[in-house]
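Right, one structure below, let's go through it.
Letters A, B, ... mirror the listed sequences (proteins, then strands); counts begin at 1. Just so we're clear, the structure is a prediction, and the values are computed from it rather than from any experiment. Note that these values count all heavy atoms, side chains included, but never hydrogens, waters or copies made by symmetry.
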Amino acid sequence: LIPELLLVVAAVSLILALSAIYIAFIAIRRCRLLYKALTSKSIKKYIKTVHEKRSKSSKKRYMVFEIIASACNIKKEVIEEAIKAEFKELFGNLEMAKANISVLFFDQKTCRGVIRFRSASRPKVLATLGLVNELNGVKVVINPLRVTGTLNKAFKYMKK
Amino acid sequence: MLNMYIDTCVETKEINADLIKIAKKLGYVTLAIEGLTKYKEVEGIKLIPRKTYTNLEIPQGIRGHIKVLEIRNIDYLKRKTNIIKRANSIELGYAVLKRLTDKQVRIFQVTKVPVELRIYDIIEVARKGGQLNGLFKLLRYAELGKVEIVLCSGAKDAYELIPPKSIINFMLELGLSEVTVLKALLNVPKHVIRGAGFDT
């Protein structure tokens, strides 16, 4: 009876061991598949498209800028016109329409103001601001200070 | 704003309070000024003399200013690489920015002298409707780390100084990576100034 029992125990343990090996093999295979899927081109493409979509999203941004000049008696319309003209010259009409630039506020006492634009054209707007050298015949330098997501934050930074 | 930027090509004729005020507000600590005779430090801003040499004539053993070699005709480069090595940096003319072959860019790679790019020059070429094939070739080599570039404004007046943020974004628009742009604005100008014998 004892040898028969031992045989049964051995058979059961063998089956268990084989099944464990099989399960481990499947698990390793699944892990490999998962790893491949994560590093595959399709996932990379998907991540890229998500990033592109985010970058193309039409969120508004507000930039606080400072005008360095001998006198700051400049109207905000003049600043807006000068920035738009420079932007148009550098990047063209279509990009300007996309950027939707407008000067919301300009404080003549502190020489600081706020510009609103689309987030996708942020580098273009920043590049343009530095190249505006003249406003109404007065030599100026426009120094971009900070980009914010809300107008309130922009006003807070402007008053600092 | 951190004051750490360097502008290596300012061509203003007079150093006045406006220049210092604007440079301070924009975050510059060092300005290399063309035609300045002596090193000066005004209100924490270092003003370094700089001299541009044309026609490949750089005398040996001269110190006390940044030596810039202006290259108008790219054909000179082939023969006189030993003279190029005497310069602290190379300035490229309009004609060179428009057209530059791989072979010619490799000369900069061999001599290991940084190439100076002026933002106003690039804009002027673009405004005149000229193509910037040479520039883009150079930028590709800079992106690969084979050629070092120095970014500067080329301002002829205190009010022509460009904020560093604008320079960074302008170069990003031209296709350079942020790392390369920051290197060209911070690290390489430091090396150029140290090479001329000044401390940054």
What is the minimum heavy-atom distance between [X] and [Y], and which atoms define it?
X        : Y        : answer
A/Gly130 : B/Pro163 : CA-CD, 3.6 Å
B/Lys21  : A/Ala69  : NZ-O, 4.0 Å
A/Ile68  : B/Tyr159 : O-CE2, 3.6 Å
A/Leu145 : B/Lys165 : O-NZ, 2.7 Å

Part of [X] lying under 4.5 Å from any heavy atom of chain A:
X        : result
B/Ile168 : neither
B/Asp157 : side chain
B/Ile119 : side chain

Can you confirm whether [X] is buried at [atom1], in the sense that more than 12 heavy atoms of other residues, nucleotides or ligands lie under 6.0 Å from that atom?
X        : atom1 : value
B/Glu178 : CD    : no
A/Arg146 : CZ    : no
A/Glu95  : CD    : yes
A/Glu4   : CD    : no
B/Lys51  : NZ    : no

[atom1] of [X] to [atom2] of [Y]: how many Å apart, nearest 0.5 Å?
X        : Y        : atom1 : atom2 : value
B/Leu26  : A/Ile142 : CG    : CD1   : 11.5 Å
B/Ile167 : A/Leu131 : CD1   : CG    : 9.0 Å
A/Lys139 : B/Asp18  : NZ    : CG    : 10.5 Å

inquiry  = Checking the side chain of B/Ser166 only, and the main-chain atoms of A/Leu126 only, is there a donor and an acceptor separated by less than 3.5 Å?
reply    =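 Between the backbone of A/Leu126 and the side chain of B/Ser166 there is a qualifying donor-acceptor contact (under 3.5 Å).
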
ask   = Any link between A/Leu16 and A/Val8 through a network of hydrophobic side chains (Ile, Leu, Val, Met, Phe, Trp, Tyr) touching at under 4.5 Å?
value =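 Yes, A/Leu16 connects to A/Val8 through the hydrophobic network.
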
B/Ile90 reachable from B/Val110 in the ILVMFWY side-chain graph, under 4.5 Å edges = no

Under 4.5 Å from a heavy atom of chain B, the part of [X] involved:
X        : answer
A/Val141 : both
A/Glu134 : neither
A/Leu90  : side chain

task = Could you walk me through whether B/Glu173 and A/Phe91 pass side-chain contact (heavy atoms from CB on, under 4.5 Å), step by step?
result = CA-CA 10 Å; B/Glu173 277 300 308; A/Phe91 303 106; 4.1 Å; yes

key: B/Arg127/A/Glu86 salt bridge by N-O under 4.0 Å criterion   =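 A salt bridge links A/Glu86 with B/Arg127.
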
